[in-house]
Every structure is written in C-alpha cells, then in structure tokens.
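We count residues from 1, following the sequence as given.
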Amino acid sequence: MADIFQQDIMYVPGVGPHRKELLKKELGIETFGDLLEYYPYKYVDRSKIYHISELNGEMPFVQIMGEFLDFEEYSMGARKKRIVAHFTDDTGYVDIVWFARAQQLTKNLKVNTKYIIFGKPTIFGGRYQFVHPEIDLAKDIELSTMGMQPYYNTTEKMKKAGMTSHAVEKITKNMLARIQNEIPETLPPFIVNRLRLVSRDSALRHIHYPKSAEEMSHASQRLKFEELFYVQLNILRYASDQRRKYSGFVFKHVGAMFNTFYHDHLPFPLTEAQKRVIREIRKDMVSGKQMNRLLQGDVGSGKTLVALMSMLIAIDNNYQACIMAPTEILAEQHLATIKEFLGDMPVRVELLTGIVKGKKRKEILEGLATGEVHILVGTHAVIEDTVQFSRLGFVVVDEQHRFGVAQRAKLWSKAAPEEGTKRSIPHVLVMTATPIPRTLAMTLYGDLDVSVIDELPPGRKPVQTLHKYEDQTASLYNGIRQQVRQGRQVYIVFPLIKESEKMDLQNLEEGYGRLCEVFSDMRLSKVHGKMKSAEKEAEMQRFVSGETQILVATTVIEVGVNVPNASVMVILNAERFGLSQLHQLRGRVGRGADQSYCMLVTKRALTTDTRKRIEIMCDTNDGFRIAEADLKLRGPGDLEGTQQSGMAFDLKIADIARDGQLVQLARDEAQRIIEDDPECNKAENQMLWSRLAALRKTNINWGAIS
C-alpha cells in the first residue's frame, strides 16, 4: 500500500502530462501522497439546492438546479466575447455570464439539460446573474452525498490553464477513488484510542470530502495533531539524544572576574528579572549538562549585561567565551558596550568581522589559540576554519534566527573535547529581542530552556506611541523642534522595501532634502544600507556623539544603535512595516531617563489589518502581546526568521497561531513517549520512529544545534 503514495499523478483521470508538469512546477505536487496532503483552505456548504425564487437581497455562494434556455453572444472588441445564457428552474430566471475564455467554457453546454450551477448571485439590471460559476451535469452529481465543497489554493498560471480549485477537487476525487485499500495508520493505537482520534484513512478522505462540518472538524483535528506531534517528537527526541551524548563543561567557581565586575563595575542595579535569569544560567553551568537556553527580552531590557556576567563566570573557570552577532554594526555595538561595562578590568575582548584583516587579524587568531583573548565578539567570520580557540566554553548567539543551522553547528567543533565517553561542548545562550509567543517558541525552539527578562532597568519610562496622518506633519515638526530645543535627538525612518528599492531610496533622498529645509536651523545625518560601511559608520558616529540632532535613516538602524539621548522615533509610511519591525524600531528610543515618543505616520486610507497593527502599537509596549498579535495577523510562516528556525518539515494544515491547545497536547504526548522510551527501541513505538525518519528531510541534528 505504501507504494501507492509514490504513484505518479499523471495517470489520474483529469491530469495528463501537461497538467502534471503544471502541478509539479506551481505546487510541488508529483505523487498521490503530495496531492493527498494538499489540503483545502476552506469549505462551502453545498448540501442545499436553492430555488431561483428564494434568491433575495445579498446572498452568499449558493447552488441552483435547472436548464439553459439559450445563449447570446456579444462582441466586446479585439476578438473578445461576452456570453450570456438564460437559465431557469421553473420558479424564476437568472443570467449566467462569461467574459474571459467564454467560448471555451460554454462550448459543451446544452439547452434542455439539467445542470447544477454554483456561485455567488449578484444583481445587474434588476435581475440576478452568476458570473463564471461552477457548472456540473446534474446526472453526474449525487445530491444525497453533496456536503461541504472544498476549495484549494491555485496560482495565476494554473487558473489561466483552466486548473481552478474545482479542477483540483475533481482530480483529488478521482485519485481517492483509485485508493481502494485502507490508508495505513501512522499513529499507534494507544495514542489514537486515548485521544479519540479518527483513523488516518477517515481523516484523509474526509478532509477533502466531508459530508458535514462535524466530519470535517474531526478530520482536521486528527491531521493537525499528527503534524504537530511529529514536529514535537522530532525536537524532543534530539534534545534527549543531546543530553545523553554530550556533557557540558562544569563551571564550579564564581571567582574574581565576576565578583570584581559585580561589586565595582555594575553600571546600574540588576532588576529582579536579570537576577532570576543569571541564577537559571548558573544552575545550568554546574549541572554537568550542556546549557541550551533561549533568553528573551525587549530591546533595552539588559540582555547583553546578563550575557557578559555569564561569560565572566566562564573566564573565572579558565574558559573562553564568544558572542556571535548577525551584522557588523551589531557586533561593533556589542564590543563597545562590553568594553564600556568592563572598564579597566584585565579582560581581553577582541572583534572579528570580515573587515578585520592583516596584522590585526593575525594577532587576534594567535590570542585565541593561546587563550590570551578571553572574549571574542564577531559575525559569521567567527566560524571560519582559521579561527581556533584554546578552550571555548561559552557561546552567546544574538538574534539566532539570522544564522543558518550549519553555521551554528560549526561553533561546537571549536571546543576541545574532554576525555571520557561523552564529548563536552560549550554552553549556548541564544538571545533575541524579538519576543516569541509561547506556542511558536515551543515549536521553533522547543529544545531550548527559556528565560525571560520582563522588566526594564530602573528609571526607564514606557515609550508613548502616537498615530499621525501624513497631512498632520505641521504639528509633528513642531513636536520635533520642542524635543531638540530641550537637548534631545530624533530618528526619522523611511521604509526601504526590496521590491522597490530604487523608488524608496529616491523617496529617502527627496525626503532628506525636504527635512533639511524644514529643520534648516538643525544638523541632520543620513544613513541607509546602500552607503559604504565607512561612510555609514561616520554618519552614525556623528549622531551618537551628538554632533547631529536628527538621524534620517532606513531600517538599517533597527539594530545596533544605542543613543540614550534620542527621545523621538518618527516612522514614515508606518503602514508598510510589520508589527515586529515597528516594535524593534521603537526600541531605539526610551533608553534614557527622559520620556520618549514613537510617532507612526500613515496615509489616511488603511486596510483593516494595518489599522489593527497601528492600534496595537499605540495600545501597548509589551513585546509578547505584540508578538502574539503579529502571529495571529500574519501567521508563523511570515514571521521573520522562521525559515531558519530548525523545523525539519513544513506545517501543511496546523496553524500555530490558532492551534495553541493542540501544540501543547502534541508536546505532552511526545514528552510521554521520550520519557518512556529514551533509547527509541520499544516495539510499540517502532511505527513512530519509522514515520519520523520518513518525514525528516536531512540527517542534521536540528534539535541539538538550536
């Protein structure tokens, strides 16, 4: 039976060579198995046949049954035709209208023959009409079996070739008719029975052709659970493997480095949240197990300070530490921050990025190999083969989602293995300023323990966020002038979106010129991603030093700029930014003791989703609330970084934003299996391990690397 899932779809009635190539190219569908798992995105209830006389006012999609009386053809110029057919069911009359491909669509239709018409009725010229409806011969449809009609996503190329949702539906029905035997189960009976799930055979047949909403719901629940369960089993199995195969270096001492810093160099008192996180990290360091911890906290919450204090414990135990950042700007920012924190302490901190070359690079590499360099700050240059540490014991990865899995894995190879059966590997602290909703974190970073800094340092005031329209710039400019006169600094951000970089860059240049005129009595800097690094750095430094009062920029300033004196963030065309990006930009202000402001400037005409985003931003500074809202508005696949999250396979039917309870249920079941069968050798679980192996795309140890 397993072979039928590998069967070529070309021989399914309604496919053929041309459609097979189209399905492969547009949707990646080549086999029965691919088509079975191409699920409908919605359903319409087709259990009722309406009489034409029942049509009244604004109607949803409906179906009627009757006969065509005649067809009229109208020329629309340039070889285009409009065809109007008159249709009746003896209770009234409607028009059926075709524009595009009209002759092709109507050539096989006959008068005095019973058809079922399905579509949305609209009123034109005082009469109901259906434009481009679905049409079936009534004799081909078993009315008693008509229930929920599935709808499938199709592409423009498919539609042009006549491959509509209806066509995909018919092909799927023909394929299912060919699968005579029961579709094999992929979950053991003890899970199916305990959770009262329908069989896989029933689920796959009814997800495509449910007779009722209840049948569709049961099928959906079963398939969603299975999908989420195997994701969680994948994560937890490899996290378990990691704990069994690898040990972590044991940092027994909290010595001179940590204590000197804590008593003499701490820039401000630690918040209770920071103290709690340091205790959690400290507990991991002495456990003998390798730490894999995700540290979440909003911009400005003090994650870098926690990371530095953790690295000092590693140094106290004669190990080196490394912090890896996604960009050179952010790496340089970390270097400056760490050096400022440490002051005159005897800790050698070095920067290694692509621009560090020649004699300086050689000195750093030698210092790493001998152990004289205690902390290395860098970008992906850190994982190059020429970079060898003496004793790397602690790794901090900032904004993990910007690094590929294989890149992060290379860091482990730089730690000298300890003697014994287990290989010791560095402790890993992953930091993110992008708050991750719990259900998403459980799926993307399910193998990591999670710590959260949910307090801002003392003296910080929440940023006030206000919404302004483009035609209200006069009052906005007055507010900026007031802030600058009080000695504050201002960011003004223009969008720079890839699809139209040239146009956006032009807008930024024009906008910069305009702002120079408006604020002719002030000094402005300009920064965007197309500038050379040295030029960009020089402009940034002018703003950081206070030489300029207004920084006009693109989202290049989303990370890596820390100017406590900046109190206003103006985001132009805010409707073009996602929630997460707006929140990150807002995090650039509010870093000092003064009240700070974020001004979201939009056009007046906004979509419903955009208006929701703006309202959420104005309503809260809570990054987790914003992340939850972002997940619900956009879905996990659209959120920045999920492509490199370490998920071994895509979600085809489950929705992390809406299926939170199922995520938890799937995790609980997976945890129960792992605890009961950590070696993966119990007979009753062999179905699970075989299925998991088939689902995995690669042999990379995703869970261990995260």
Side-chain angles (χ1 to χ4, degrees), residues 299 326-333 336 353 355 463 468 470 472-474 476-577 581-592 596-603:
V299 173
T327 65
E328 288 184 356
I329 289 176
L330 191 52
E332 288 165 5
Q333 183 73 51
T353 65
I355 58 173
V463 178
K468 294 275 186 184
E470 288 172 339
Q472 296 175 316
T473 50
L476 177 67
Y477 293 159
N478 285 336
I480 289 172
R481 282 195 186 89
Q482 284 176 18
Q483 288 292 308
V484 172
R485 283 184 192 127
Q486 291 171 25
R488 312 280 174 260
Q489 290 169 279
V490 177
Y491 296 101
I492 300 179
V493 176
F494 282 79
L496 188 58
I497 312 294
K498 280 184 182 175
E499 297 96 72
S500 53
E501 276 191 356
K502 191 176 281 187
M503 182 189 80
D504 285 326
L505 199 57
Q506 189 178 340
N507 288 349
L508 179 131
E509 297 289 358
E510 288 174 4
Y512 178 72
R514 208 163 49 244
L515 289 166
C516 285
E517 291 174 15
V518 172
F519 300 109
S520 55
D521 55 334
M522 298 173 192
R523 297 181 301 280
L524 284 73
S525 293
K526 176 180 65 178
V527 175
H528 58 78
K530 296 288 182 184
M531 294 166 70
K532 291 179 181 175
S533 291
E535 187 184 359
K536 190 161 56 182
E537 183 61 30
E539 286 291 291
M540 287 272 205
Q541 285 306 322
R542 288 178 67 210
F543 186 68
V544 171
S545 67
E547 185 185 333
T548 55
Q549 296 136 322
I550 298 174
L551 177 62
V552 181
T554 62
T555 54
V556 72
I557 58 128
E558 186 182 342
V559 293
V561 183
N562 183 14
V563 184
N565 192 48
S567 64
V568 180
M569 167 63 71
V570 179
I571 305 173
L572 302 174
N573 295 117
E575 69 272 11
R576 295 180 68 180
F577 296 86
Q581 204 170 29
L582 289 172
H583 184 60
Q584 286 283 320
L585 287 167
R586 177 168 63 183
R588 295 297 109 208
V589 295
R591 291 169 163 252
S596 291
Y597 304 89
C598 177
M599 315 300 291
L600 306 177
V601 183
T602 71
K603 56 189 180 187

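If you take CZ on Arg485 and CG on Asp521, they are separated by 7.0 Å, rounding to the nearest 0.5 Å. Atom CD of Gln486 sits about 11.0 Å away from atom CG of Asn565, to the nearest 0.5 Å. Atom CG of Leu551 and atom CZ of Arg542 lie 10.0 Å apart (nearest 0.5 Å). Phe577 CZ to Gln584 CD: the interatomic distance, rounded to the nearest 0.5 Å, is 13.0 Å. The structure places CD1 of Ile550 at 5.5 Å from CE of Met522, a figure rounded to the nearest 0.5 Å. From Glu509, atom CD reaches atom NE2 of His528 across 5.0 Å, with rounding to the nearest 0.5 Å.
Looking at Arg523, its side chain does come within 3.5 Å of a backbone N or O of Glu547 through a donor-acceptor pair. Remark: the backbone N or O of Ser525 is not paired with any side-chain donor or acceptor of Glu539 at under 3.5 angstrom.
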Between Leu515 and Tyr477, does a side chain to side chain contact (heavy atoms under 4.5 Å, CB included) hold up when you go through it step by step? CA-CA 9 Å; Leu515 289 166; Tyr477 293 159; 4.0 Å; yes
Test ring pair (Phe, Tyr, Trp, His ring centres under 6.0 Å) on Phe543 and Tyr491; report intermediate values, then the result. CA-CA 10 Å; Phe543 186 68; Tyr491 296 101; 5.1 Å; yes
Take Ile492 and Ile480 through the side chain to side chain contact (heavy atoms under 4.5 Å, CB included) test and state the conclusion after the steps. CA-CA 10 Å; Ile492 300 179; Ile480 289 172; 4.2 Å; yes
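Proximity of Asn573 to Glu470: side-chain heavy atoms (C-beta onward) are separated by under 4.5 Å at one or more points. The shortest side-chain heavy-atom distance between Ile571 and Leu600 falls under the 4.5 Å cut-off. Taking the side chain as every heavy atom from C-beta outward, Phe519 and Gln549 never approach each other to under 4.5 Å. A 4.5 Å side-chain heavy-atom check between Arg481 and Val518 finds at least one atom pair inside the cut-off.
No salt bridge links Glu517 with Arg514; every basic N to acidic carboxylate O contact stays at or beyond 4.0 Å.
In this structure, Val589 and Ser567 approach most closely via the heavy-atom pair CG1-C, 4.0 Å. Among all heavy-atom pairs drawn from Gly590 and Ser596, the shortest one is N-OG, 3.1 Å. When all heavy atoms of Ala574 and Thr602 are compared, the closest pair comes out as CB-CG2, 3.9 Å. In this structure, Met569 and Leu585 approach most closely via the heavy-atom pair CE-O, 3.1 Å. Residues Gly546 and Gln489 come closest through the heavy atom pair CA-NE2, 3.7 Å. Smallest separation of non-hydrogen atoms from Ala331 and Thr353: CB-CG2, 4.2 Å.
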